[in-house]
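A short worksheet on the structure shown next.
Because only heavy atoms are used, hydrogens play no part in the values below, and waters and symmetry mates are left out as well, while side chains stay in. What you are looking at is a predicted structure, and each value in this text was computed from that prediction instead of being measured. Each chain gets a letter, A, B and so on, in the order the sequences are listed, and its residues count up from 1.
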Amino acid sequence: EVGSTPSHPHSHMPALNHMAHHPQSMNLPHPHGLASHAVLAGPETETDPRELESFAERFKQRRIKLGVTQADVGSALANLKIPGVGCLSQSTICRFESLTLSHNNMVALKPILEAWLEEAERAQMQPRPSSEKIAAIAEKKRKRTSIAAPEKRSLEAYFAVQPRPSSEKIAAIAEKLDLKKNVVRVWFCNQR
DNA sequence: ATGCATGAGCA
DNA sequence: GCTCATGCATA
């Protein structure tokens, strides 16, 4: 979202992409500033970007204090036994902490991570006697293609002119840059 | 921390 | 064939 094309060739656009256009706002902020805050916000509607931001910050700080890595948090979520929740990757935890997930995604993950944090801080005071080892099983690795700088610059140029090229355009671009068509298609998706 | 990729769900 | 949430691999 918020595709702010970094006009600077080297900027990585760490863009804090909170906010988002969601037609879900029901309580408009009163122009008459007086006791109109959402003290009675809906049961589970903590969608305020600023609240998410501060939570993410507190979360990271407390996680570090517990001496737990992002990867640890991700896998520990499974032990939390929440209905439709399994584990998450280090990537996702990282992105949550840095607010680089979509607003909706942040809102959905917050209560889960919040639950983990509380559980973890409790377990810290009342340690457990059990411990178990799990053997790791080696699997086949996946390869990651890397788009060279020159090609990437070309893609960015194309993107600036047309963020959603047609299938034909993509094929043409792919051929010019000598990249697989699918690689180009996915690049555009991720860029958007 | 981030680049490229996958898969589900939708149109 | 896109968006979205998410992850593997790697910088």
[atom1] of [X] versus [atom2] of [N]: gap in Å, rounded?
X	N	atom1	atom2	value
F96(A)	dG7(C)	CZ	P	14 Å
I112(A)	dA5(C)	CD1	C1'	12 Å
L101(A)	dG7(C)	CG	C1'	12 Å
L109(A)	dC4(C)	CG	C1'	13 Å
H103(A)	dT3(C)	NE2	C1'	17 Å
N104(A)	dT6(C)	CG	C1'	15 Å

Problem set entry | Aromatic Y158(A) / basic K169(A) pairing, under 6.0 angstrom, 45° off normal | no

Exercise. Rounded to the nearest 0.5 Å, what separation is found between the CG atom of L66(A) and the CG atom of D72(A)?
Worked result: 10.5 Å

For this session: For atom CD of E114(A), decide whether the heavy atoms of other residues, nucleotides or ligands shown that lie under 6.0 angstrom number more than 12.
Result: yes

Exercise. So does N190(A) have more than 12 non-hydrogen atoms from other groups sitting under 6.0 Å from CG?
Worked result: yes

Seminar exercise, completed: So, with a heavy-atom separation below 4.0 Å from DNA chain B, the residues of residues 55-70 of chain A are K60(A), Q70(A)

Exercise. Can you list, by residue number, the residues of residues 84-93 of chain A that have a non-hydrogen atom closer than 4.0 angstrom to DNA chain B?
Worked result: Q90(A), S91(A)

Exercise. Under the side-chain contact (heavy atoms from CB on, under 4.5 Å) criterion, do W187(A) and L179(A) qualify, and how do the steps go?
Worked result: CA-CA 11 Å; W187(A) 185 87; L179(A) 293 172; over 6 Å; no

For this session: With side chain to side chain donor-acceptor pair (under 3.5 Å) as the test, would you mind laying out the steps for K60(A) and S98(A) before giving the verdict?
Result: CA-CA 9 Å; K60(A) 180 170 187 174; S98(A) 60; over 6 Å; no

For this session: Please answer whether the main-chain N or O of P163(A) pairs with a side-chain N or O of R192(A) as donor and acceptor at a distance below 3.5 Å.
Result: yes

Exercise. Any sub-3.5 Å donor-acceptor pair from R95(A)'s side-chain atoms to L101(A)'s backbone N or O?
Worked result: no

Taking only Lys NZ, Arg NE, NH1 and NH2, and the carboxylate oxygens of Asp or Glu, determine whether [X] and [Y] approach each other closer than 4.0 Å.
X	Y	answer
E51(A)	R58(A)	yes
E121(A)	R62(A)	yes
E119(A)	R122(A)	yes

Pairs: protein N or O with nucleotides 4-11 of chain B N or O, under 3.5 Å:
unit_1	atom_1	unit_2	atom_2	d
dC4(B)	OP1	I147(A)	N	3.2
dC4(B)	OP1	K152(A)	NZ	3.3
dC4(B)	O3'	T145(A)	OG1	2.8
dA5(B)	OP1	T145(A)	OG1	2.6
dA5(B)	O4'	R142(A)	NH2	3.2
dA5(B)	N7	N190(A)	ND2	3.0
dA5(B)	N6	N190(A)	OD1	3.1

